[in-house]
Amino acid sequence: MKSSTPHISGTQLDDLKNRLIRQERLLREQRREDKTRIDGITKDREWAIETIADLEKQLAYTQEMVDRAVGESIRLEELESYLLNQRALLAHKEAEVLNLKQANAKLTKKLNRTIGRRLRRLWRKMLGKKDRKKLSLADDGQESTPNASPAAPTLTKEMFRQQAQQDLNRFLDGHFSIRLPIAIQPKISIILILYNQAELTYKCLDSIANQLDVSFEVIIIDNASSDRTQDLMAKVSGATIVYNKDNVGFLRAVNQACKLAKGEQILLLNNDTVIGDKAFGSASQLLDSDDSIGAVGAKLILPDGTLQEAGSLLWNDGSALGYARGENPDHYSAQFQRDVDYCSGAFLLTRTKLWQELGGFDERYAPAYYEETDFCLRLWEQGYRIVYNPHSVIYHFEFGSSKTSDEAIALQTRNRSIFLERHKDYLGTTALAPHEDNIIKARSRQNDAKKILLIDDRLPFVTEGAGFPRSNALIHALAKTGAFLTFYPLRFPQPENMDKIIDAIPAGVEIASGLGVDGFEDFLAARKSYYNQILISRSHNMKFINKLIKKRPDLFEECEIIYDAEAVTATRDIMKFDLLGQPIDEKEQLHSLNQEINLTRYADTVIAVSEKEADFYKQGGVPTVKVLGHRFDPEPTPSSFDTRKDLLFVGRLDGDFTPNEDSLIWFAREILPLIQQRSKEPLILNIAGQVNSDRVRDLANNHIRLLGRVDDLSDWYDRSRVFIAPTRFAAGIPHKVHEAANYGLPCVITDLLLSQLGWKHDQEALSASNASDFADQCVRLYEDKALWNSVRSHALEAIKQDCSRDYFENVCSELVKQ
């Protein structure tokens, strides 16, 4: 049997080996190529990873640059928008300046003509008949000054419109937009009705976009405008915009828009307005401040810089008048809050709920005019008030939504008859007849309120000291009675900063600033028989009024005179001259005291600051004397005896030997050195108050620190351990001691002040009359914790009794009612 295994020759075996060797070589070469390829791929992968990382970095950087560019673009647009708005406001201010220049030029021209006429009349009397013919050539009534400067041009409505058109064109042609805020729950729904006038609408929307003090939404109804209004709307974001196919008129469009309102309050706003700073927030806060307020209006300023209205009044024939029209917007008559018949619908804020309850505007007045007047009067009939707010300032083009002013006036005339027929009964019982003399009476709805004229040196800010804190409390208490107040700063009449006034004076008080002593007689003559009472503070002001009463008694007929004797100054002067070593003899003292009594000769009532001074006037024969001291609500600061240190003095420090200056110099030179010797530790005297005395400035050292004027003293009352009042001559009662005790800071005072206050030594305060004793009392109070707590407690009880708010306000109520 043959074998199945094939036979392989040697030659075949060698061929097979060679093939295997070649294949192995090929495989090794393939592996090398594969490894090279893998290495290349790996390197490519690593390069790709690095490249991707670099690209991601570049992308992030690019995105950052894009974001920054977008942000800068947005910022640039916002700045451009803000700039355009500021240009509009600047244009108004420039218009106001130009208008004032024009008014001054007119006044100068009129004055020149008046002087010329008077001189010519005088010359006629002086010249003979022959010379009169020569004069007659110049006596033609023409301006005789050929080189007189022409009147400065005023900003006309057409000029304003042209500027607005240029701004609109720049806006529409550029990469700009108006971004209005989007509020989920807006406080105010702003209603804007458009019909052409795109240039005015642009100025309005641009100013709205800059209002940041309250949340709001903007609802716009376009009544089929045919100008560039839709181009403008395309660049406005954040607003609810409705395009009507037809012009339904202003009134119906307002009612249409208000149905979309989501805000608590509805603001009716004309599209021909530019909004002043914080106008929305100020009006909204006022509306929220009192549930009896039904609507709030604004101060409207025309393109020429004059007032359009500071609230409006209605006459009994249905006609209306914008109060103070044509006046300077800063005139005092437009600077105080008051109830009015109505405010223009150019800016009228009301509650959404009230709007809905009254059914919005009455469509009998469509398409426009008298609808807001009717709405406000319906609010009054429902028991709600309409309040003019001087701090919401609006620049108003006026009649910007009408084709012509004549068209607007025609609509007003037609709707006036509708209004009069509807409200004739109400107008017949509440409104006055249209007459110039009735404007002052009709400007406020408080016709039945007592009208009081208050006269003092200056506006009574509590930080001024010198009796002004009491005067400030007096104003607040009188205003609380419902009386209408005019405050007349006689000696320092310059207008004050409005923010300062807002913080210190009740909003409804009229401040007759800028007039002073020279303007008082004319002021009172213009308001003859208007005031029921005139209240005069301080003896030197009473002297001035007495002279005027003697000269013009007709100005004070049927008017009660109240003299607020802030202090019996004669006694203070007697003490002062004793200290100076120049004592006044008894005869001269008696004469001074009689002069003090003589100040009251025209007064129906005298107000004294203490029972002691009230007795002085009663003994002098004054029949009606009331006592009105200080008003405080005790608010002791919390720090304990152990956490407090140092001494405190508070007071304005003027020179010329004033009571504060004298007392402080006496304390620093004669008392404080003794205290430092007798005290267990060195003490520092902190002095809070404006320093106008070189002698006081020279006192400053390591132990005497001049803090200057401090508007809020509560922190110093809390950190100090002892208050000092080393007054050696004074009249009235010391407000500073009452204030320190009110904050729970025990006091060391002179025997003089202790007597004026009616307090007792070692109870409500510690007192002394000479330097050594005063130093001892300071050390006692500073180091004796039990005594300190006892004096603090007794003084707080005295404040509750002597400075009761209820007592103070009751006396003021009695003054108004008498």
* Side chains of Ser693 and Glu661: donor-acceptor distance under 3.5 Å anywhere? -> yes
* Verify the distance criterion only: is there a donor paired with an acceptor across the side chains of Asp290 and Ser292 at less than 3.5 Å? => yes
* Lys800 and Asp806: CA distance, side-chain angles, deciding distance, salt bridge (charged side-chain N to carboxylate O under 4.0 Å, His left out) verdict -> CA-CA 10 Å; Lys800 290 180 182 179; Asp806 289 341; over 6 Å; no
* Asked: Any idea how Tyr617 and Tyr563 line up, ring-wise: parallel (<30°), tilted (30 to 60°), or perpendicular (>60°)?
  -> perpendicular
* Mind telling me whether Phe484 and Phe336 have parallel, tilted or perpendicular rings, with 30° and 60° as the class edges? => tilted
Quick check: does any side chain N or O of [X] sit under 3.5 Å from a backbone N or O of [Y], one acting as donor and the other as acceptor?
{"X": "Arg721", "Y": "Tyr782", "answer": "yes"}
{"X": "Ser679", "Y": "Pro682", "answer": "no"}
{"X": "Arg805", "Y": "Asp633", "answer": "no"}
{"X": "Asp646", "Y": "Leu683", "answer": "no"}
{"X": "Ser392", "Y": "Asn389", "answer": "no"}

Around atom [atom1] of [X], are there more than 12 heavy atoms of other residues, nucleotides or ligands at under 6.0 Å?
{"X": "Asp642", "atom1": "CG", "value": "yes"}
{"X": "Lys278", "atom1": "NZ", "value": "no"}
{"X": "Lys760", "atom1": "NZ", "value": "no"}

Give the table of side-chain donor-acceptor pairs shorter than 3.5 Å for residues 740-752, with sequence neighbours excluded, one pair per line with atom names and distance.
| unit_1 | atom_1 | unit_2 | atom_2 | d |
| --- | --- | --- | --- | --- |
| Thr750 | OG1 | Thr727 | O | 2.6 |
| Asp751 | OD1 | Ser767 | OG | 2.8 |
| Asp751 | OD1 | Ala768 | N | 3.3 |

Acceptor/donor pairs from residues 454-461 side chains to any protein atom, 3.5 angstrom cut, sequence neighbours excluded:
| unit_1 | atom_1 | unit_2 | atom_2 | d |
| --- | --- | --- | --- | --- |
| Asp456 | OD1 | Arg538 | NE | 2.7 |
| Asp456 | OD2 | Ser471 | OG | 3.1 |
| Asp457 | OD1 | His540 | NE2 | 2.8 |
| Asp457 | OD1 | Asn541 | ND2 | 2.8 |
| Asp457 | OD2 | His540 | NE2 | 3.1 |

* Asked: CD1/Ile562 to CD1/Ile452 distance, rounded to the nearest 0.5 angstrom?
  -> 6.5 Å
* Cationic tip of Arg719 above Trp716 ring, under 6.0 Å, 45° of axis -> yes
* Would you kindly check if the NZ (Lys) or CZ (Arg) of Arg470 is within the cone defined by 45 degrees around the ring axis of Phe468 and under 6.0 Å from the six-membered ring centre? => no
* Asked: What's the verdict on salt bridge (charged side-chain N to carboxylate O under 4.0 Å, His left out) for Lys612 and Asp615, showing C-alpha distance, side-chain angles and the deciding distance?
  -> CA-CA 5 Å; Lys612 184 176 181 179; Asp615 288 340; over 6 Å; no
* Of the options Leu706, Val710, Leu647, Leu648, which is the one that meets Asn686 in a side-chain contact (heavy atoms from CB on, under 4.5 Å)? -> Leu648
* Using the benzene-type ring in the case of Trp, are the ring centres of Tyr488 and Phe523 under 6.0 Å apart? -> yes
* **Verdict with supporting geometry, Ser639 and Asp718, side-chain hydrogen bond (donor to acceptor under 3.5 Å, both in side chains)** => CA-CA 6 Å; Ser639 293; Asp718 189 46; 2.9 Å; yes
* **Verdict with supporting geometry, Asp662 and Arg728, salt bridge (charged side-chain N to carboxylate O under 4.0 Å, His left out)** => CA-CA 8 Å; Asp662 168 73; Arg728 299 196 291 176; 2.6 Å; yes
* Could you pull out the closest heavy-atom pair between Lys543 and Leu599, with the gap in Å? => CG-CD2, 3.2 Å
